[in-house]
Amino acid sequence: MLDRKLLRNHFAEVKEQLKHRGEDLTDLDRFGELDENRRTLIVESEQLKATRNEVSKQISQLKKEKQDAEEKILEMREVGDRIKMIDSELREVEEKLDVLMLSIPNIPHESTPVGETEDDNVEIRKWGEVPNFDFEEQAHWDLAVSLDILDFERAAKVTGSRFVFYKGLGARLERALMNFMMDLHADEHGYQEMLPPYMVNRTSMTGTGQLPKFEEDAFKIEDWDYFLAPTAEVPVTNYHRDEILKGDELPKKFTAFSGCFRSEAGSAGRDTRGLIRQHQFNKVELVQMVKPEDSYQVLEELTGHAEKVLQLLELPYRVLSMCTADLGFTAAKKYDLEVWMPSNETYREISSCSNFEDFQARRAGIRFRRDEKSKPEFVHTLNGSGLAIGRTVAAIMENYQQADGSIKVPEVLVPYMGNKTEIR
RNA sequence: GGAGAGCUGUCCGAGUGGUCGAAGGAGCACGAUUGGAAAUCGUGUGUGCGGUAAAAACUGUACCGAGGGUUCGAAUCCCUCGCUCUCCGCCA
């Protein structure tokens, strides 16, 4: 959510900056009227309330002195009715204003490249050597089914499409990656480990920006106002919702393993095979809450922490700075990490690292006090996948495949795989 | 799922219709005292929104789990919901 005062005082500039996102901004123009309307009503209502408070004191005094207060009571009854009318009008205006404010995307940071499509994303760096196989490489779903370590068919029977059973060393590989990533971030990168709830309520989904605009992308629990979390970002960022943190507690660094659930509405027909696009997948997430002046440096560090996973796994990747059109609703700046996928002969997204500045913090009410006496300020929130585990499994299968259809285990994972060096 | 108890400021805790943003205590901050500390004493100690473009100050208003209602007036009475605790049932 943007600062109302910013919008009030610099409307034209903000609108200009939002234009680069390429979203429809016609609703935005209603802001001025709603905002002014709201303030007028507040003034009216509060003046009447001040009167009522004043006269009520007099009534109390009169009664104590056993004098007649009937006239004032009648007068205040009328004032009370008017307050009720104004307040209900005010509530309507505020509701409209809330809906509007919650649907305005974040302002891109000045370092975010301006662009119109995903083709305008800017490659920042590349790492690693793309493998050059002297045999015909296979897609991970073919490898995995031959090795009997993934079972898509039975998952379709048991649940439906875009679900999977991991089996044997496939399941072991997923679990090894989870432990490897969590250990790395907790022990080496200084994050506090968390296992969050997989379901979250509506307020949390609104706090991090999934709602109200993207409800169709989420799985909703029938008869409950709960959603399956699409990412651990939601529970972990909301962990400190409506709190005022102490300045010296910052930065807060959390790493969380969780299942993630996405309905991926509108992506039917894309990546229908394999692990790339599932309704349920596992992910290790990095979340930070920091002081505003630190957030851009922290974005670089956090992205580096995600990259470290790929480097240790020796998977070739590149880093893209997402342009204004491809930023997502909540981010001011975002880097995508893309891992090389031999079956696609291209790089595929495996991590997204974003700085939301105070956009989520304002929605979720996450603030801090620099010291005892200073006013609360909004923190800046950041997060990044460190990494999406299913896609990492796919990348390992494809990049580490051998001529006979077996898969070499990346060296750092061997201890996590019960010292097995190959899946065959 | 059933029965009961509770939810007040950073914390503990008082408050059952008016003088309550809320007693008292603890904590914290500042000051006095001290060679220094402890103890003691004094002062202060929330947030949102509005008046106001920003900051400071001032001022109004709202906030005692959440939302409604009754009333001239609600922390206090009524209704709905959420959460916590205890007992029973069920269960991993």
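Sequence lines set the chain letters: A, B, ... in the order given, protein chains first and strands last, and positions in each chain run from 1.
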Pairing partner of B/rA29 (Watson-Crick or G-U wobble, both distances under 3.5 Å): B/rU43
Think A/Lys220 forms a cation-pi with A/Phe227, using NZ or CZ under 6.0 Å from the six-ring centre and within 45 degrees of its axis? yes
Taking the C1' atom of each, how far is B/rU43 from B/rU47, in whole Å? 23 Å
Checking all strands, does A/Val55 fall into the base, sugar-phosphate, or nothing category for heavy-atom contacts under 4.0 angstrom? nothing
Using a 4.0 Å heavy-atom cut-off, does A/Ile42 contact any base of the nucleic acid, only the sugar-phosphate backbone, or nothing at all? sugar-phosphate
Nearest to the side chain of A/Lys64, which nucleotide is it out of B/rC72, B/rU19, B/rG50? B/rU19
If I pick the C1' atom on B/rU80 and the same atom on B/rG73, what distance separates them, to the nearest angstrom? 24 Å
I want to confirm an ordering. Mapping A/Trp224 and A/Lys72 to their closest nucleotides on RNA chain B, which one lands closer to the 5' end? A/Lys72
Could you measure between the two P atoms, the one in B/rU8 and the one in B/rG67, and give it in whole Å? 16 Å
Across the strands shown, which category fits A/Lys84 at heavy-atom distances under 4.0 angstrom: base, sugar-phosphate, nothing? sugar-phosphate
Rounding to the closest angstrom, what is the interatomic distance between B/rG15 and B/rC58 at atom C1'? 31 Å
Shortest side-chain distance from A/Ala50, nucleotide among B/rG73, B/rG60, B/rG51: B/rG60
Taking B/rG48, B/rU61, B/rC72 as options, the one with an atom nearest any side-chain atom of A/Met76 is B/rC72
Which is it for A/Gln288 and A/Lys252 under the side-chain hydrogen bond (donor to acceptor under 3.5 Å, both in side chains) test, yes or no, and what are the steps along the way? CA-CA 5 Å; A/Gln288 292 209 38; A/Lys252 290 268 184 186; over 6 Å; no
Let me know the distance between CD of A/Glu94 and C1' of B/rU61, rounded to the nearest Å. 13 Å
For B/rG36, which nucleotide is its Watson-Crick or G-U wobble mate, given both distances must be under 3.5 Å? none
Gap between atoms CG and C1', on A/Asp242 and B/rU47 respectively (whole Å): 11 Å
Atom CG of A/Leu48 and atom P of B/rG50: how far apart are they, to the nearest Å? 18 Å
In this structure, how many angstroms lie between the C1' atom of B/rG67 and the CG atom of A/Asp87, rounded? 15 Å
How many Å lie between CG on A/Asn37 and C1' on B/rG50, as a whole number? 15 Å
Under 3.5 Å for both donor-acceptor distances, Watson-Crick or wobble: does B/rU19 have a partner, and if so which one? none
Taking a pair to mean Watson-Crick or G-U wobble geometry with both distances below 3.5 Å, B/rC87 pairs with B/rG2
Any side-chain N or O of A/Asn53 less than 4.0 Å from the OP1 or OP2 oxygen of B/rU61? yes
Check the phosphate of B/rG51 against A/Arg39, side-chain N and O only, distance under 4.0 Å to OP1 or OP2. Yes or no? yes
For A/Leu18 and A/Ile107, run side chain to side chain contact (heavy atoms under 4.5 Å, CB included): C-alpha distance rounded to whole Å, both residues' side-chain angles, the deciding distance at 0.1 Å, then the answer. CA-CA 6 Å; A/Leu18 290 177; A/Ile107 299 170; 4.1 Å; yes
Are A/Phe281 and A/Phe261 close enough that their ring centres sit under 6.0 Å apart? no
Testing B/rC83, B/rG50, B/rG60 for proximity to the side chain of A/Tyr226, the answer is B/rC83
Across every strand shown, the nucleotide meeting Watson-Crick or G-U wobble geometry with B/rG82 (both distances under 3.5 Å) is B/rC7
If you measure only the distance, is there a donor-acceptor pair under 3.5 Å linking the side chains of A/Lys253 and A/Gln192? no
Are OP1 or OP2 of B/rC72 and a side-chain N or O of A/Arg52 less than 4.0 angstrom apart? no
What one should report as the nearest heavy-atom pair of A/Phe254 and A/Tyr191 is O-CD2, 3.4 Å
How far, in whole Å, is B/rA37 from B/rA32 if one measures between their C1' atoms? 15 Å
Measure across A/Leu275 and A/Gly390 and return the closest heavy-atom pair with its distance rounded to 0.1 Å. CD1-O, 3.5 Å
May I have the distance from A/Arg367 (atom CZ) to B/rU47 (atom C1'), rounded to whole angstrom? 6 Å
Using purine N1 to pyrimidine N3 plus N6-O4 or O6-N4 for Watson-Crick, or N1-O2 and O6-N3 for G-U wobble, each under 3.5 Å, what pairs with B/rC58? B/rG51
Nearest whole Å is fine: how far is B/rC72 P from A/Gln61 CD? 20 Å
Looking at RNA chain B, which of residues 1-15 of chain A put a heavy atom within less than 4.0 Å of it? A/Lys5, A/Arg8, A/Asn9
Give one of base, sugar-phosphate or nothing for A/Lys49, where a contact means two heavy atoms less than 4.0 Å apart. sugar-phosphate
Nearest-Å distance, NZ (A/Lys375) to P (B/rA56)? 7 Å
Using the rule side chain to side chain contact (heavy atoms under 4.5 Å, CB included), only one of A/Met289, A/Gln360, A/His380, A/Glu243 pairs with A/Ile366; which is it? A/Met289
Knowing that exactly one of A/Arg8, A/Lys5, A/Arg30, A/Lys96 qualifies, which makes a salt bridge (Lys or Arg N to Asp or Glu O under 4.0 Å) with A/Asp35? A/Arg8
Quick one: look up who B/rG24 pairs with, Watson-Crick or G-U, both distances under 3.5 Å, and put none if it's unpaired. B/rC12
5'-most contact on RNA chain B (nearest-nucleotide basis), A/Ser374 vs A/Gly80, goes to A/Ser374
Integer angstrom distance from the C1' of B/rC20 to that of B/rU61: 16 Å
In whole Å, measure the gap between the P atoms of B/rA54 and B/rU45 for me. 25 Å
Does B/rA75 pair with anything, Watson-Crick or G-U wobble, both distances under 3.5 Å, and if so, with which nucleotide? none
Between B/rC11 and B/rC28, how far is it from one C1' atom to the other, in whole Å? 11 Å
Which atom names give the shortest non-hydrogen contact between A/Lys333 and A/Ser321, and what distance separates them? CE-OG, 4.2 Å
